[in-house]
Amino acid sequence: MAKTRPVTLALTLVVAVGGLTACGGKNRWCEHDATDRRVSNSYCERGAAGYEWESDGGKTKIKKSKKSRH
């Protein structure tokens with residue numbers, strides 16, 4: 001079992017680095033979850049509750065308009 005520890009550590013490191021690079025770059029921004037409005041990146045950088053990184057993933061974001069029914 002002693003040989004599996006370094007392999008597990010290496011795989012964990014690869015996954016962590018891959019996740020960081022996937023979220024990085026110019027195609028990301030910080031948004032307030034409830035309103036989907038872009039805010040200063042400092043909110044996401046400090047891990048403030050209610051804020052998350054968003055990315056277009058190479059696609060444009062399409063929002064459906066909400067129609068009220070009366």
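Throughout, residue positions are numbered sequentially from 1 according to the sequence presented.
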Next on the checklist: If I take atom CZ from residue Arg28 and atom CD from residue Glu54, how far apart are they, to the nearest 0.5 angstrom?
Outcome noted: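 CD of Glu54 is found 11.5 Å from CZ of Arg28.
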Listing, residues 38-47 side-chain donor-acceptor contacts under 3.5 Å, not counting sequence neighbours, or none:
{"unit_1": "Ser40", "atom_1": "OG", "unit_2": "Ser42", "atom_2": "N", "d": "3.3"}
{"unit_1": "Ser40", "atom_1": "OG", "unit_2": "Ser42", "atom_2": "OG", "d": "3.0"}
{"unit_1": "Asn41", "atom_1": "OD1", "unit_2": "Cys30", "atom_2": "N", "d": "3.4"}

Checklist entry - Does Ser55 use its side chain to pair, donor to acceptor, with the backbone of Asn27 at less than 3.5 Å? => result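 A pair under 3.5 Å: yes.
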